[in-house]
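Shown next, in structure tokens, is the structure this report addresses.
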2 protein chains.
Amino acid sequence: MPRLDDVARAAGVSKATASRALSGASGVAASTRERVQRTADELGFRVSGAARRLATGMTRTIGVLTPSVNRWYFGSVLHGIAHAADAHDHDVLLYDLGAFGRGGHEKFERFMTRGEVDGLVTITWSLVGGDLTRLADLGIPVATVGEPTQHTRSFALDDDAAGEQAAEHLVRLGHTDLLHLAAEPEVQPFEASSSDRRKRAFERVSARHGLRIRPVQTVPTTLEGAHAVVREIIDRADRPTGIVAGTDEVAMAALLAAHQLGIRVPEELSVIGVDDVPAAAAFGLTTIRQDPAQHGEDVVAWIMAALDDPDDEPDRSHTAYAPVLVVRSSTAPPS
Amino acid sequence: MPRLDDVARAAGVSKATASRALSGASGVAASTRERVQRTADELGFRVSGAARRLATGMTRTIGVLTPSVNRWYFGSVLHGIAHAADAHDHDVLLYDLGAFGRGGHEKFERFMTRGEVDGLVTITWSLVGGDLTRLADLGIPVATVGEPTQHTRSFALDDDAAGEQAAEHLVRLGHTDLLHLAAEPEVQPFEASSSDRRKRAFERVSARHGLRIRPVQTVPTTLEGAHAVVREIIDRADRPTGIVAGTDEVAMAALLAAHQLGIRVPEELSVIGVDDVPAAAAFGLTTIRQDPAQHGEDVVAWIMAALDDPDDEPDRSHTAYAPVLVVRSSTAPPS
DNA sequence: CCAATCATCGGAACCGGTTCCGACCATAGC
DNA sequence: GCTATGGTCGGAACCGGTTCCGATGATTGG
């Protein structure tokens, strides 16, 4: 494996000049640069990432802290991040916190102070307690996607608007008796979660339109987790005419349960979710769409900008994405 | 940020000794080691990963090449990898090839020769053409999970057995008229894919039991992709009594389509899948289970062992995981 | 009591780049 | 024609560890 020294010698320049030529720095004659470039190619030279890191202090890597990797939302964000990072010629280091068993906290501690990344993005629910605050003091750009946060730059769906739109959609169809199924994350989030936000949005709409008051039911976020409990909830005589689910997975669980109980959708029961997961279309699920991959792209773009910019005021703003209603066949006027 | 020098000075030893003490190398008096360790803690010393990498040539990082990240299979493998890597105190660098747009090949090329990882695992369909072969010559342990492969160590479900078990299950129930829905990956794999293997297993079972011959139908792997085409296939007068789907997603698509067409499952149609994704239980889907997270754990364990072992013969063996049948309510004798 | 052995430690080279600073040369301006 | 200016380039320090090798002192065996 040829070193920079070799390239320099072969091209008849100094190591310093070779470095400049290859890294695209200024102060090198065009002809020289080209020559160095060429001999580097011929020799099959690759800069040593390790050496570059040591010298520059930059890792060309961004870290991602995520509570999970194989749920749609997280996976999509991660995908967006990977795409954008690659476009900026950066690597992505994955920290699957869910994988960290019980020792999660110490691992996190150790990781934090290791300086293996230039920037960090945490996905919702990743951090608890004061971790996020400490993270923000890391000296590198830190951003959160999935929920608004005080301590870092953040990106997320506008959950208030999403929750309202979902409920309003059913109200406009004529429903007056709705039930909200709040999706509860496995691990309790630090600040008010999107689940809470959607729930409160539902309650606002209920109050505004004087709907029948039914206590919000809290169920697991996942299809498999929610299924049994949702089924039991639906299997009652005084069932609502419409269900506003906090998540598509919960909504799909409701659809499945309804089917198994012989309840016709949307004739006897309307169901609306939030997310627009890929399977939603096949289910004919009316839902509120969000595009997590885009969030991932945006968060990386922000990190890159923060990396370039001279270190001005830390930016802790929040960008909320507007939800969009996608009407399919799981909702209709009550009969 | 204190350096090793500082720790050494503070502890009254040389940099060399401090290094040995902290890295756990031998040749250091127990008392000295403890003293160094203590002062390191007090000073809040963290080794510089960059410096260590440069000096040792080891990165304590393993790379993962995956065609996607938000499909159950890939996500699960990745989860297993992350878990195991963490247990071995290694980081994981994620290469979401799906994110690499068109330039995927060059990116791959560049990545290959960068030496940012100590070991590499590629997940099914990641590589095409001779890439895998070249990867294996990288000088670092390389393994594949998802399909048996000639060029690297590999781990995968025994697709032949899985395909046979699925078909046999329906045959034992008395079905004689089956249809196989082969799940076709978005990008064509290098070698015979698991899809092919399952398909051929189905054909073997068909021949063995003299079942009615229906040409295998090839459909997209994903629920959303398969749904429309499966629906059309099912919506015919001479529909089979049973469907063997190459994938749970395809099977669920069939279930959904059947429901929408008013076809009762399992009375009028039996459906069996492969995977046992989390949602399968809620669907009541009979399926052949595999545990990709375990594959991920195992592949990391192998890499770690390969890293420790003196460089003996390259191990290119394959471990096939035995499938297990999970019977639920989507299959029954034909009526 | 002396020499051989062993455990422990320090010095210094090395990993492979980046970058500050100064030298040098050519052109431009007066 | 001479000096100020700017563009190129080389030398060398530096990033922060690891590890080879030799020195030292203590212990053990004869």
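Per chain, numbering begins at 1; letters A, B, ... match sequence-line order.
Backbone-only engagement by B:G12 is indicated by non-hydrogen atom pairs under 4.0 Å involving sugar-phosphate atoms exclusively. Using a 4.0 Å heavy-atom distance criterion, A:S19 is classed as a base contact.
Salt-bridge formation is not detected for the pair B:R60/A:E116: no Lys NZ or Arg NE/NH1/NH2 atom is positioned less than 4.0 Å from an Asp or Glu carboxylate oxygen. The residues B:D6 and B:R9 are annotated as salt-bridged, a charged nitrogen and a carboxylate oxygen being separated by less than 4.0 angstrom.
With a 4.5 Å cut-off on side-chain heavy atoms, A:Y73 and A:Q290 count as touching. The shortest distance between side-chain heavy atoms of A:T66 and A:L97 does not fall below 4.5 Å. With a 4.5 Å cut-off on side-chain heavy atoms, B:L4 and B:L22 count as touching. Between B:D86 and B:D91 there is no side-chain heavy-atom pair separated by less than 4.5 Å.
The closest side-chain donor-acceptor pair between B:R153 and B:S317 falls under 3.5 angstrom.
Under a 3.5 Å cut-off, the side chain of A:T144 and the backbone N or O of A:S154 do not form any donor-acceptor pair.
Applying a 4.0 Å cut-off to non-hydrogen atoms, the residues of residues 20-45 of chain B that approach DNA chain D are B:R20, B:F45, listed by residue number.
Checking B:T17 against A:S14, the closest nucleotide of DNA chain D that is more toward the 5' end is the one next to A:S14.
Contact detail for A:A11 and A:T39: the closest heavy-atom pair is CB-OG1, 3.6 Å.
Helix-axis bend for the helix from C:dC1-D:dG30 to C:dC30-D:dG1: the local axis fitted to the five terminal pairs at one end deviates from that at the other end by 40°, rounded to 10°.
The aromatic ring centroids of A:Y321 and A:H295 lie less than 6.0 Å from each other.
Taking the 5' to 3' direction, DNA chain D first and last meets chain A under 4.0 angstrom from a heavy atom at D:dT8 to D:dG16.
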